[in-house]
Structure formats: structure tokens, C-alpha cells
Amino acid sequence: MNLDELLKEYSELELQLADPAVHADQSMARTLGRRYSQLTPIVATYRELETARDDLTAARELAGEDEGFAAEAAEIEERIPKLEERLKHLLIPRDPNDDKDIIMEIKAGEGGEESALFAGDLLRMYLRYAERIGWKTEIIDSQPSDLGGYKDVTVAIKAKGDEGVWSRLKFEGGVHRVQRVPVTESQGRIHTSAAGVLVYPEAEEVEVQIDPNDLRIDVYRSSGPGGQSVNTTDSAVRITHLPTGVVVSCQNEKSQLQNKESALRILRARLLAVAQEQADAAAQAERKSQVRTVDRSERVRTYNFPENRISDHRVGFKAYNLDQVLDGELNAVTQSLIDAEMAEKLAQHS
């Protein structure tokens, strides 16, 4: 969509949002309001640029009569390229999921209890980060380990403002590696273990229609650390989506119905991710080369405790404040990935 089309869409949105009838449908009003917010910086920058160009023309015309206008013209002339660059950045196509909330799964990998403890560290890091920003978090499902970590944990993260969670945490997916002396190690040797992080934009029911006939639903008793049963009723739920083979299990709630709703929520997010991956794969097949700077499928990050170092292998980010990062100071890390994505898009559209 070119600039003229965006300006036209913005004017139409202004008219729609001024119509009281639109606000009778809260879902429609939110959708239109979100799009209006997306376009506002583009339109504001465009108008500022047009005003600057007009002012430059006027200042040049008056400079012959008054030297003061020559200095003003020089100042405006210096400002215009910056406005043009800002507008260029704003016109780069956005990720359509950037405004969405997310569902994140953290899974212990190789390394047994140490890996499960690291999965717990990652969960705390994301919860603290969300708390700092003002996002709301909800543990949907969890399988604790014997020493207080997690074999598997699923958390929903919701934004309160205009910026979606996906825009900042979409690059967290992948294999996270830790290097440290485990609590289970008596010789003081450094071990390497890993945990996997999966991130999905949360899907609304209208986005993913699930046919009940496509589901196989099994119920069983919830289990806690060590495998002991924690419920006397079959409250845990396992849902298999037969067309895709996607399986989701939930056991956190005491109610079978609540576990079923949580499982369906995760299933919708996974199915949306599968559909988008298929669409992305088709689009990438048409491109001659694929930029891999922020490929979420590879080992993404190393957390080195002895050196207090965090390294993101995709963009070469490195910092020696691991303790602060694990306490939720993730902004510098996430911003490096956002900047890398922006640089890729600029290169593709230049």
C-alpha cells in the first residue's frame, strides 16, 4: 500500500471512529482504533514533512529581503532529510502480528534437573520483564520438576497499551543455552544445558475456527513433581487436533472444563502459527535468498554464569550483565533483534 492509499485510509478511519454507531460494536471499534493508532505516526510525519517543505520554499523566497530567513532556510534544509528518513522507516510493512498478545511455552531440554531449573529461570526472567513494562501474565499450564524448576510451563502475556507483546518478544523462540555449575554438581564443574522457548501470537476465536469433529479429547489425572497424582478426579485434559497432529495438554486447573478451555486457547495459537509458517514458507520460496539474521528456528542465545555474560548469536549482541537480564532487564537484548529486523527490511525495500 502506497502513501496516498494510507492517507486515504486514515481519513476514512477518522470518519468511522467519529460515528457513534461504530462504537456499539466494541470489537470493531478496537480493530479500527488499533489501525488508526498504527497510521497516526505515518500521517503526522508526512504532514510535518510537507509543512517543512512549504516553509523551506517560503524562507528561500524571503531570504533575499531578510538575511534572517537564510538561516531559517538552512535549519529547515537540515531537518527535511531526517523527516524523510523517519517516514521511510514508518512506511516499511509491519509484522501483522506485532499488536498481538502472546502465548509462550518454555520446555526443559537436555540436562535433566539442571535444564528444568534453567527453564524456571527463563520463566522468571520473562515474568519480571513483563512486570517492568506493565504487561499482565498468566500461567496457563505447568509441569514442575522435583527441585523447583519446570519440565514444561506455558504462560500468556498480555499488553495494556498500544504496543503488542509479539513486537518485542517474537524473537525469543528457539534454543536457549546455559553454562554454569549446576546445584546437582558436587565437583564444581561447569555444565552446559538448554531449554526451548516457543512463542505464538495469541489467536482470537474468529481467527482460527476449530471443528469439534477434528478433536480427540482425553482426560486423565493431574500429576505433580515425581509423578505422584495431585487430583482424585480426571481433571487433566489432552486435546489432539487430528488434521495436523498437534497435541496440547493442560492440568493446572482443578476443573476439567477450565483445563479444556486453556488447552483450546493454546491450540488456537499453535494452529495460527502453523498456518502462518506455511504462508511464510510459500513466500520465502519465491525469494532468491533468505535473510537469516533473526531466524527463530536456530540456537539463539547463551547465558554464561561464570562470566556474567549473555550472548545472542543471531545478531552478535553481547553484554556482561546477565544477572540484571535474568531479573527482567531485557530491553537492550530485544532491541538489538528489533533493530536487526528493521535493517533487513530497509535493505529489502531500498
Side-chain angles (χ1 to χ4, degrees), residues 1-63 69 72-102 159-168 170-171 201-204 206-207 272 276 279-280 282-284 286-287 291 294 334-335 337-350:
M1 188 176 287
N2 62 34
L3 182 57
D4 289 339
E5 291 171 331
L6 291 175
L7 294 171
K8 181 181 177 184
E9 182 186 356
Y10 187 79
S11 297
E12 291 170 351
L13 285 168
E14 279 186 316
L15 291 173
Q16 288 176 289
L17 289 168
D19 183 355
V22 167
H23 294 274
D25 183 342
Q26 285 299 306
S27 178
M28 172 66 75
R30 278 196 303 272
T31 300
L32 295 177
R34 192 180 298 133
R35 180 60 175 161
Y36 184 79
S37 295
Q38 290 172 3
L39 294 181
T40 296
I42 297 174
V43 174
T45 302
Y46 168 75
R47 288 174 177 169
E48 188 178 348
L49 178 59
E50 288 298 286
T51 299
R53 286 169 174 165
D54 291 341
D55 289 347
L56 178 60
T57 300
R60 281 174 173 168
E61 289 175 355
L62 295 168
F69 285 105
E72 183 180 337
E75 185 274 324
I76 297 171
E77 208 165 16
E78 188 177 327
R79 188 156 50 92
I80 285 177
K82 295 175 183 176
L83 289 170
E84 290 173 337
E85 187 66 19
R86 189 199 307 170
L87 184 60
K88 181 181 176 182
H89 277 73
L90 290 169
L91 287 172
I92 291 174
R94 297 175 77 252
D95 182 331
N97 290 320
D98 273 353
D99 293 323
K100 288 184 179 292
D101 299 322
I102 67 163
K160 289 184 178 178
D162 291 333
E163 184 184 36
V165 181
W166 177 261
S167 67
R168 297 208 68 85
K170 59 185 169 183
F171 300 120
E202 179 148 20
E204 297 178 20
V206 293
E207 292 179 284
L272 180 64
Q276 289 176 336
D280 289 346
Q284 287 169 358
E286 296 173 7
R287 289 165 54 187
V291 179
V294 286
T334 58
Q335 192 60 50
L337 293 155
I338 292 168
D339 291 345
E341 182 189 43
M342 177 60 74
E344 286 179 7
K345 288 184 175 181
L346 279 170
Q348 291 168 17
H349 291 86
S350 60

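What you are looking at is a predicted structure, and each value in this text was computed from that prediction instead of being measured. Residue numbers count from 1 along this sequence.
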Separation between [atom1] of [X] and [atom2] of [Y], rounded to the nearest 0.5 Å:
X	Y	atom1	atom2	result
Lys100	Ser167	NZ	OG	13.0 Å
Arg86	Leu49	CZ	CG	9.5 Å
Glu48	Lys82	CD	NZ	12.0 Å
Leu90	Thr40	CG	OG1	11.0 Å
Tyr10	Leu15	OH	CG	11.5 Å
Glu77	Arg60	CD	CZ	4.5 Å

Asp98/Arg168 salt bridge by N-O under 4.0 Å criterion: no
SB check Glu50 Arg47 (cutoff 4.0 Å):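 Looking at Arg47 together with Glu50, the answer is no, because their closest N to O distance does not fall below 4.0 Å.
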Under 3.5 Å side-chain donor-acceptor pair for Asp99 and Trp166: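 Checked: Asp99/Trp166 side chains show no N/O donor-acceptor pair below 3.5 Å.
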Contact check, side chains of [X] and [Y], non-hydrogen atoms, under 4.5 Å:
X	Y	answer
Leu3	Tyr46	yes
Glu341	Lys170	yes
Leu91	Leu6	yes
Thr51	Asp55	yes
Lys88	Leu346	yes
Gln16	Leu32	yes

Shortest non-hydrogen contact from Val22 toward Ala29: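 Closest heavy-atom pair between Val22 and Ala29: O-CB, 4.1 Å.
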Minimal non-hydrogen separation, Pro93 against Lys345, with atom names: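 The answer is O-NZ, 3.1 Å.
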Test side-chain contact (heavy atoms from CB on, under 4.5 Å) applied to Gln38 and Arg35, step by step: CA-CA 5 Å; Gln38 290 172 3; Arg35 180 60 175 161; 3.1 Å; yes
Stepwise side-chain contact (heavy atoms from CB on, under 4.5 Å) test for Glu12 and Lys8: CA-CA 6 Å; Glu12 291 170 351; Lys8 181 181 177 184; 3.3 Å; yes
Partner of Leu7 by side-chain contact (heavy atoms from CB on, under 4.5 Å), out of Asn2, Leu39, Ile42, Val43: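 Going through the options one by one, the only one that passes is Val43.
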Asp101 side chain to Ala159 backbone, donor-acceptor under 3.5 Å: yes
side-chain hydrogen bond (donor to acceptor under 3.5 Å, both in side chains) partner of Glu84, chosen from His89, Arg79, Arg53: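 Among His89, Arg79, Arg53, the one that satisfies the side-chain hydrogen bond (donor to acceptor under 3.5 Å, both in side chains) with Glu84 is Arg53.
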